[in-house]
Amino acid sequence: MVKTRSQFVCQSCGSVYTKWSGKCEACGEWNTITEEAVDATPKGMTVGKGRALELVTLSGTIEELARRTTGMLELDRVLGGGLVAGSAILIGGDPGIGKSTLLLQAVAALAKSGLKTVYISGEESVSQVRLRAQRLGHDKAEVELASATSVRDIISSFDRPDAPDVLVIDSIQTMYVDNVESAPGTVSQVRAASHELIKLAKKRSIALFLVGHVTKDGQIAGPRVLEHMVDTVLYFEGERGHQFRILRAVKNRFGGTDEIGVFEMGDGGLSEVTNPSALFLSEREGEISGSAVFAGMEGSRPMLLEVQALVNTSGMANPRRAVVGWDSARLSMILAVLESRCGIQMSDKEVYLNVAGGLKVSEPAADLAVAAALVSALTHMPLPLRTVVFGEIGLSGEVRQVGRTEPRLKEAEKLGFEKAYLPGKTKIKGVQIGMHAIHHVDDLVALFRSSARKVAAES
Ligand code: TYD
Ligand code: MG
C-alpha cells in the first residue's frame, strides 16, 4: 500500500515543517501551521536530454508593453500607467474591504472600452454578483460572468485563441486543482491554482486579476505565499469605519511600487478621489492645539495630512501610548528626543497620536509634524494657521533634509497654505510660500515658547 506522506505548512508564509508547532518560526504567526498531503516526489532529472539555451546580449530590440487604461485613473496609477496584457495581478486585502467591488467596477469600465472581460466568482452566486452590479449601475456592462471553482474548467474554457483580454478570479482561495489532494485554501492548492492560471495568462496574453483574502487566523492561505509568482501585488487597505480605501502597490514588474490610489466607498460603490489632500483636510477645524498638517509624499504624489496628538498627565508607572496610522517605535523615538534634547518631560504623560482620515504614514519626513503636534498638544498652543510641517528628526534632535521638497510645497501652496516649517538650507525657486527653517527640534520648541510668552503678555 502506498502511504501518503504529509507535511506541515504555514498558511501565512508557506514555510514547511516536518512536525506541527504552534508558532511559525519563519514569520512569527501563531496557529497558522496545518497538515497537508505531499504530492508524489518528482522523479530525478537526467542531464543531457535538454536543449542548449540560446544566449543573447543585453542590448537589442525590446518588445513594447501593450498597456490599456482601465478607465479608473487611480487604478491605472498603481498599475504603473495601465493594465499590461499577459500580466498577473494579485489584489490582497481584508475580507469586506471592497476587493470584489473594485474589480467589478474595473471590469465594467474595461468592457465599456471594448475589451473582452470575464469575471469568475468562487465565493458568490451569479445572482449575488448581478445584484451588486445592479447596485453599482453596471448591470448593462458586457462583462461575462460565471460562478466556478475548478481551475480545470476555467482553463478548458479559456485556453483558446479567443481568450478574454481580462480575467478576474475572485478569490484564489476558493479555487482548486483536482490533482492536488489538499482542500481549497491551503498553501498547496493556492500555489497550484495560481501556477496554472498564471501559465494560462502568459500563454494567451490575458491580464489576470487574482483576489486574495488576508487572514489572521491561518484558516486559509494568505496572499503572501504567492507574492513571488505574480507580476504585480496590490493591497487594498482602509479602516472599516472610514470611507477611504487605499490601493497600494507593494510589487510591480511594470511600474513603481510606492504609488497609491485613493478611493471612497459610498452607496454607489467606490469612487475615485483625485485630490486626496483636500478631502483629508476637509474636516480640519481652525486653530486648535495638538494638530499639525504634514506635507507628505505617497509615491509621486504629494499629500497633505493632519497629524493629531493628545497629551495627558498620567498617574501610571507606564503611561499609555496609542498610535493610529504611524509607527509606534518612531513615536517613542520622537518622545525620547523631545525629553532628552529639549528637556520636555514626556515619560509621565499619556500620549495618543492619530493620522486623520485612516491613512498609514510611513515616511520619516513626518517626524517634525509629529513633534509639532506633540509640543502643541502639551503646551495647548496651536500652530500658526495655514502652516505645513515636514522634516526628519535625528537622534541628537537635528532636523534632516527630506526628498521632494518642491512638490510638497507646491501642493501646500495649491491648497492655500502660506507657511512651511521645514529643514534648513532649502532653496526652492518658484514657490511663494513662506519658508521657516527648523534646524533642531529646539527651534520648534522655541517657537511655541515665544508664542506662549506673547499670549501671556497680551492677557
Ligand atoms: P466587497 O467588495 O464584497 O469586499 P471584499 O470582496 O473585499 O470581501 O465589499 C463589501 C463591503 O463594501 C460591504 O461591507 C458593503 C460595502 N459596499 C458599500 O458600502 N457600497 C457598495 O456600493 C458596495 C457594493 C459595497
Ligand atoms: Mg469579495
Side-chain angles (χ1 to χ4, degrees), residues 11 70-72 74-75 78-79 89-112 117-141 143-149 154 166-176 184-185 189-190 193-194 197 208-224 226-227 230 232-250 260-273 279 357-358 360:
Q11 304 296 309
T70 59
M72 296 173 91
E74 296 292 300
L75 180 59
V78 284
L79 288 172
I89 302 140
L90 171 69
I91 298 204
D94 291 319
I97 203 74
K99 301 180 293 297
S100 304
T101 308
L102 175 74
L103 287 178
L104 195 59
Q105 286 183 238
V107 286
L110 284 161
K112 269 195 196 109
T117 57
V118 173
Y119 188 99
I120 305 286
S121 180
E123 296 183 346
E124 291 164 306
S125 66
V126 166
S127 310
Q128 280 172 311
V129 181
R130 280 188 181 148
L131 201 68
R132 172 174 305 163
Q134 207 174 44
R135 225 179 119 184
L136 297 172
H138 287 315
D139 44 341
K140 297 283 180 304
V143 175
E144 290 176 287
L145 174 66
S147 178
T149 52
I154 295 173
V166 182
L167 174 62
V168 173
I169 303 291
D170 187 2
S171 66
I172 190 63
Q173 284 119 339
T174 54
M175 298 293 140
Y176 75 94
Q189 277 290 1
V190 164
S194 310
L197 290 166
L208 173 70
F209 281 104
L210 300 174
V211 172
H213 291 293
V214 173
T215 53
K216 297 275 183 291
D217 57 8
Q219 290 300 303
I220 49 175
R224 254 158 72 192
L226 45 104
E227 277 184 355
V230 296
T232 304
V233 179
L234 309 178
Y235 276 96
F236 208 33
E237 312 167 344
E239 306 282 327
R240 284 286 183 86
H242 280 293
Q243 70 270 45
F244 304 118
R245 297 285 182 273
I246 310 290
L247 189 63
R248 195 182 288 278
V250 294
I260 67 165
V262 185
F263 298 87
E264 196 177 355
M265 179 67 97
D267 288 338
L270 291 158
S271 46
E272 303 180 58
V273 177
L279 199 72
K360 278 197 184 66

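Note that ligands are numbered from 1 as they come in the structure, with each ligand's atoms numbered from 1 the same way. Since the structure is predicted, the reported quantities are computational estimates derived from the model, not experimental observations.
- When Gln128, Gln173, His213 are each tested for a side-chain contact (heavy atoms from CB on, under 4.5 Å) with Glu123, only one passes: His213.
- Leu102 CG to Leu234 CG: the interatomic distance, rounded to the nearest 0.5 Å, is 9.0 Å.
- Ranking the protein heavy atoms by distance from atom 4 (O) of ligand 1 puts Gly98 N, 3.0 Å first.
- Using a 4.0 Å cutoff on heavy atoms, Ser171 does not count as a contact of ligand 1.
- Between Lys99 and Gly93, the closest heavy-atom pair is NZ-O, 3.1 Å.
- Of all the atoms in ligand 1, the ones that sit under 4.0 Å from a non-hydrogen atom of Gly266 are 18 (C), 19 (O), 20 (N), 21 (C), 22 (O).
- Nearest non-hydrogen protein atom to atom 2 (O) of ligand 1 is Thr101 OG1, 2.6 Å.
- Taking all atoms of both residues into account, the shortest heavy-atom contact from Gly122 to Thr174 is CA-OG1, 3.5 Å.
- Ligand 1 has no atom lying under 4.0 Å from any heavy atom of Gly93.
- Taken to the nearest 0.5 Å, the OH atom of Tyr235 stands 12.5 Å off from the CZ atom of Arg248.
- Among protein atoms, those of element N, O or S found less than 2.8 Å away from the Mg ion (ligand 2) are Ser100 OG.
- Atoms OG1 and CZ, from Thr70 and Phe209 in turn, are 7.0 Å apart once rounded to the nearest 0.5 Å.
- When each atom of ligand 1 is checked for a heavy atom of Pro95 under 4.0 Å away, the hits are 8 (O).
- Counting the atoms of ligand 1 from 1 in the order shown, those under 4.0 Å from a heavy atom of Ser100 are 2 (O), 5 (P), 6 (O).
- Below 4.0 Å from some heavy atom of Arg132 lie the following atoms of ligand 1, by number and element: 2 (O), 3 (O).
- For ligand 1, the atoms closer than 4.0 angstrom to any heavy atom of Gly269 are 21 (C), 22 (O).
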After noting the C-alpha distance and the side-chain angles of Glu144 and Thr117, does the key distance pass the side-chain hydrogen bond (donor to acceptor under 3.5 Å, both in side chains) rule? CA-CA 6 Å; Glu144 290 176 287; Thr117 57; over 6 Å; no

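- Atom numbering of ligand 1 starts at 1 in the shown order; those under 4.0 Å from a heavy atom of Gly268 are 22 (O).
- Side-chain contact check for Ser121 and Asp170: no donor-acceptor pair (N or O, by modelled atom type) lies under 3.5 Å.
- Here the CD atom belonging to Glu237 is positioned 14.5 Å from the CZ atom belonging to Phe244, to the nearest 0.5 angstrom.
- Taking the side chain as every heavy atom from C-beta outward, Ile154 and Ile169 approach each other to under 4.5 Å.
- The shortest N or O to N or O distance between Leu136 and ligand 1 is not under 3.5 Å.
- For atom 18 (C) of ligand 1, the protein comes within 4.0 Å by at least one heavy atom.
- The nearest non-hydrogen atom to atom 12 (O) of ligand 1, considering only Gln105, Glu124, Met265, comes from Met265.
- By the 4.5 Å heavy-atom criterion applied to side chains, Leu270 and Glu264 are not counted as neighbours.
- Close N/O approach between His213 and ligand 1 is not found [any backbone or side-chain N/O within under 3.5 Å].
- Scanning all protein heavy atoms for the shortest distance to atom 14 (O) of ligand 1 gives Gly96 O, 4.1 Å.
- Residue-environment remark: NZ (Lys360) stays at or below the threshold of 12 foreign heavy atoms within 6.0 Å.
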Got a list of side-chain donor-acceptor pairs under 3.5 Å for residues 130-139, not counting sequence neighbours?
unit_1: Arg132; atom_1: NH2; unit_2: Glu124; atom_2: OE2; d: 3.0

